[in-house]
Amino acid sequence: MNPHLLQRSSLLTGITSLLAILLAVTWTVSFFYFIQLHQLKVDSNISHHQLGSQISISLAKKQDAAAANQGQGNKSGNGNNNPSNSNDVHIVFSTDCSGYQHWQAIASYYSFRRAGHLGPITRIVSGCKPSQEEEIRTEFHKIQQNSNNHQLRLHFTPSFALGGKHYKYSNKPGGLYHWIMNHTTLEESVIALVDPDMISLRPMVPQLGEGMTPTSVTRDGYRDLVEYRDEHGKVLLLRQKHLPTLPSRVTKGVAAGQHFGIGGLWASSGTKNARKDFREFNLTMVCGSGSPCLNNVPLPPTTDGSASSNKKAYTTRELADENYAVGPVYIASTSDWMDLLPRWHTFTPRVHAQYPKLLAEMYAFTMAAADMQLTFALSSSYMVSDPGTMSTTEGWMWIDEYAEREPISIITREIEQRPVGNTLRSVCDGATSNSLPTKTLRRLEKYGYGNYHGSDAFPSADERGGGALPTVLHYCQNYKLANHTFAKRKMPHDFFRCNGEPLEFDVEALVKELDSIENDGGFSETQKKKQMRTGFMLCHLVPLMNMALIDYKLD
């Protein structure tokens with residue numbers, strides 16, 4: 001063989017070997033760095049096919065940064081009532097890429113903006129095709145650019161739907177987990193998670209009981225509630241009185257949220273007292289052995305080494321009912337979200353495997369909170385949704401108060417002209433297709449919330465009547481009255497467009513129907529209340545949607 005060729009071959013072999021060694025070293029270093037960065041922890045009781053969902057990511061650096069911000073918050077406003085406190089609250093909501101959730105996302109953004117919320121608002125979008133992502137990015141960029149407002153943000157993630165797209169609600173924990181893992185500049189110390197089908201009346205603030213005095217409700221039907229008033233006597237929060245003491249504000253280790261009727265059903269799992277869906281439910285398969293999420297855990301061995309026959313209850317049904325019966329709105333410190341999201345994301349498929357129903361991700365959330373012992377201060381006043389519920393876990397008491405008579409000195413000329421004795425119509429009186437009812441505007445003016453179409457004819461601030469309002473309207477029901485229907489699945493997906501038409505609205509027909517119902521002896525008081533609440537939702541959702549359309553066109 002040619003000696004020159006042999007020499008070249010040897011040289012090439014040497015170079016190849018050197019490259020292989022370098023690649024091996026690089027891979028080893030990279031893998032070591034990966035392990036150090038993610039601090040992989042695997043439960044030895046879990047099978048290998050579950051390994052991917054068992055990875056627990058260490059977020060120490062981000063948590064330290066969040067903790068450093070925690071408690072600093074906004075210093076410009078004092079008290080729960082000051083909307084400027086909302087600048088330290090980052091609102092997020094999760095959607096897919098469909099037109100159905102696209103219009104909801106736009107409506108939600110504009111409602112929070114009009115309500116006076118000052119903090120960022122991020123839409124997390126999961127599972128888009130490239131063309132869908134480009135379309136959404138382009139539209140949201142125009143909204144942000146033309147409004148010269150940097151509140152609105154986007155984050156795209158892969159799909160986290162379970163069972164091939166069968167259960168898409170797992171996109172919520174998966175999407176948020178992806179967002180917070182890839183978001184390096186979270187400056188706000190508090191994050192509020194809402195649903196896209198929520199439309200806001202008030203800004204989201206971190207204050208809870210700070211500077212407020214509780215007052216028991218004496219009204220029949222609501223005696224299990226307590227209201228919290230600020231130093232000016234304004235009612236700001238409503239909750240059931242049997243709950244644990246209301247903390248001052250959301251901070252590390254202290255979260256808050258909407259009281260949901262689902263309660264702590266899961267805490268009785270595997271016991272004779274459990275509901276049907278949870279009689280065979282295995283909490284250990286979700287939270288792991290020894291987790292505080294479990295409803296009974298063996299005590300440590302006795303001093304002689306024998307196993308104890310006693311059981312120690314970690315999360316009892318009572319504890320779960322009072323601290324984990326929570327749903328959107330969820331509000332927690334950024335640091336706590338960083339601990340909670342890996343758990344929620346991991347627990348959701350485990351819950352769904354045993355409970356393959358709509359609320360699987362919500363139950364997974366509460367189990368994740370119990371696993372890290374993050375208790376939630378439950379409130380009724382973050383939302384109203386179902387006009388038919390008589391549960392005081394929703395803030396309908398404040399809406400039912402619309403029907404109470406006002407002192408004659410503060411009744412406007414328009415309301416003075418109503419038929420004597422008719423009060424149900426108060427939830428709609430004065431509304432137009434793009435302006436809220438008179439009583440609602442009076443309440444908003446009194447509290448200083450947002451930029452709504454007010455009236456110069458309102459009485460002075462000292463004379464204004466009206467009580468409080470829920471933070472959001474959750475339009476997950478169908479609302480029908482007087483030939484009006486608001487159902488999110490019937491909304492046109494292209495509602496928000498430059499030549500879009502506003503929703504039709506005939507307030508005269510609505511108040512006439514409410515007058516008729518009030519004077520009809522065939523309706524019980526409960527039935528009248530349900531119809532009035534339905535009228536409230538219609539006379540707010542339609543104008544708010546149309547106001548959002550106006551804002552969209554201006555942007």
Side-chain angles (χ1 to χ4, degrees), residues 111 195 197-202 217 219-225 227 235 238-240 258-261 327 329 379-406 415 418 421-431 436-444 466-488 503 505-507 509-520 522-545:
S111 74
D195 280 345
D197 59 348
M198 288 180 170
I199 199 161
S200 177
L201 290 172
R202 296 167 52 179
V217 174
R219 182 175 176 175
D220 288 343
Y222 307 97
R223 294 179 184 272
D224 64 332
L225 292 173
E227 292 182 312
V235 179
L238 182 71
R239 69 198 303 254
Q240 292 183 348
Q258 171 63 35
H259 197 166
F260 260 66
V329 175
S379 295
S380 301
S381 50
Y382 281 117
M383 75 163 197
V384 292
S385 177
D386 181 7
T389 184
M390 291 297 112
S391 169
T392 54
T393 55
E394 290 191 25
W396 284 111
M397 189 194 82
W398 288 346
I399 310 308
D400 296 341
E401 288 176 344
Y402 273 64
E404 294 181 353
R405 300 192 181 284
E406 299 180 62
I415 295 180
R418 75 170 52 152
N422 290 355
T423 57
L424 299 188
R425 59 156 54 199
S426 297
V427 295
C428 289
D429 257 330
L436 295 174
T438 303
K439 272 199 171 184
T440 299
L441 290 175
R442 202 180 288 142
R443 292 185 181 198
L444 291 165
L469 288 163
T471 304
V472 300
L473 309 181
H474 189 189
Y475 54 91
C476 58
Q477 311 287 326
N478 293 340
Y479 309 98
K480 299 180 181 180
L481 185 69
N483 294 320
H484 287 67
T485 299
F486 187 94
K488 64 180 182 179
L503 299 176
F505 185 67
D506 184 354
V507 69
L510 286 162
V511 297
K512 183 178 179 180
E513 181 69 11
L514 288 169
D515 287 346
S516 176
I517 291 169
E518 184 159 10
N519 297 319
D520 189 336
F523 283 88
S524 68
E525 290 305 309
T526 297
Q527 290 172 323
K528 290 179 181 180
K529 184 180 292 184
K530 291 178 181 179
Q531 294 299 311
M532 183 187 75
R533 293 173 175 184
T534 299
F536 172 87
M537 293 300 282
L538 287 167
C539 290
H540 288 74
L541 290 173
V542 174
L544 286 167
M545 287 294 173

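These numbers were taken from a predicted model, which means no experiment stands behind them. Values reported hereafter were calculated over all heavy atoms of this structure, with side chains retained and with hydrogens, waters and symmetry mates removed.
- The shortest side-chain heavy-atom distance between Ile517 and Met532 does not fall under the 4.5 Å cut-off.
- No side-chain donor from either of Asp506 and His484 sits under 3.5 Å from a side-chain acceptor of the other.
- Checking Thr438 against Asp429 by side-chain atom types alone, no donor-acceptor pair falls below 3.5 Å.
- Shown here for Gly535 and Val427, the closest heavy-atom pair between the two residues is C-CG2, 4.0 Å.
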Lys530/Met390 under side chain to side chain contact (heavy atoms under 4.5 Å, CB included): CA gap, chis, key distance, verdict: CA-CA 9 Å; Lys530 291 178 181 179; Met390 291 297 112; 4.1 Å; yes
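- Smallest separation of non-hydrogen atoms from Val511 and Cys428: CG1-CB, 3.8 Å.
- Under the rule for a side-chain hydrogen bond (donor to acceptor under 3.5 Å, both in side chains), the partners of Glu394 that lie at least two apart in sequence or sit in another chain are Trp396.
- For the pair Leu201 and Val472, the minimum side-chain heavy-atom distance is 4.5 Å or more.
- Paired with Leu424 under the rule side chain to side chain contact (heavy atoms under 4.5 Å, CB included), one option of Gln531, Lys528, Lys529 passes, and it is Lys528.
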Step-by-step side chain to side chain contact (heavy atoms under 4.5 Å, CB included) determination, Leu544 to Leu473: CA-CA 10 Å; Leu544 286 167; Leu473 309 181; 4.2 Å; yes
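- Remark: side-chain polar atoms of Arg202 are paired, donor with acceptor, to backbone N or O of Leu469 under 3.5 angstrom.
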Side chain to side chain contact (heavy atoms under 4.5 Å, CB included) assessment of Leu225 paired with Ser380: CA-CA 9 Å; Leu225 292 173; Ser380 301; 4.1 Å; yes
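- The shortest non-hydrogen separation linking Cys476 to Asp197 is CB-OD2, 3.6 Å.
- Residues that satisfy the ring-ring contact (aromatic ring centres under 6.0 Å, His included) test with Phe486, not counting sequence neighbours, are Tyr475.
- Counting only distance, with no hydrogens or angles, the side chain of Thr440 and the backbone of Leu436 share no donor-acceptor pair below 3.5 Å.
- Asp400 pairs by the side-chain hydrogen bond (donor to acceptor under 3.5 Å, both in side chains) definition with Tyr222, Arg533, not counting sequence neighbours.
- In terms of modelled atom types and a separation under 3.5 Å, the side chain of Glu513 and the main chain of Leu510 share no donor-acceptor contact.
- For the side chain to side chain contact (heavy atoms under 4.5 Å, CB included) test, residues two or more places apart in sequence or in another chain that qualify with Glu227 are Val217, Arg229, Val235, Leu238, Met397, Trp398, Glu401.
- Within the 3.5 Å criterion, the main-chain N or O of Thr485 finds no donor-acceptor partner in the side chain of Lys480.
- A side-chain donor-acceptor contact under 3.5 Å links Arg443 to the backbone of Ala468.
- Between the side chain of Gln258 and the main chain of Met383, a donor-acceptor pair closer than 3.5 Å is present.
- No side-chain donor-acceptor contact under 3.5 Å links Ser379 to the backbone of Tyr382.
- The shortest distance between side-chain heavy atoms of His259 and Thr392 does not fall below 4.5 Å.
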Stepwise side chain to side chain contact (heavy atoms under 4.5 Å, CB included) test for Val384 and His474: CA-CA 6 Å; Val384 292; His474 189 189; over 6 Å; no
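- Note that CG of Asp386 is 8.5 Å distant from OG1 of Thr534, once rounded to the nearest 0.5 Å.
- Evaluation of the side chain to side chain contact (heavy atoms under 4.5 Å, CB included) rule for Asp520 yields Phe523 as partners, not counting sequence neighbours.
- A donor and an acceptor atom, one from each side chain of Tyr402 and Thr423, are nowhere located under 3.5 Å apart.
- Summarising the geometry of Met537 relative to Ser385, their closest heavy-atom pair is CE-O, 4.2 Å, with the distance given to 0.1 Å.
- A distance-only check finds a donor-acceptor pair linking the side chain of Ser111 to the backbone of Ser200 [under 3.5 Å].
- Annotation for Pro470 and Ile399: closest pair CD-CD1, 4.0 Å, computed over non-hydrogen atoms.
- Under the side-chain hydrogen bond (donor to acceptor under 3.5 Å, both in side chains) criterion, Thr393 pairs with Ser391, sequence neighbours left out.
- Nearest heavy atom pair, residue Tyr479 against residue Gln477, reads CE1-O, 3.2 Å.
- Taking CG from Leu514 and CG from Leu481, the interatomic distance works out to 5.5 Å, rounded to the nearest 0.5 Å.
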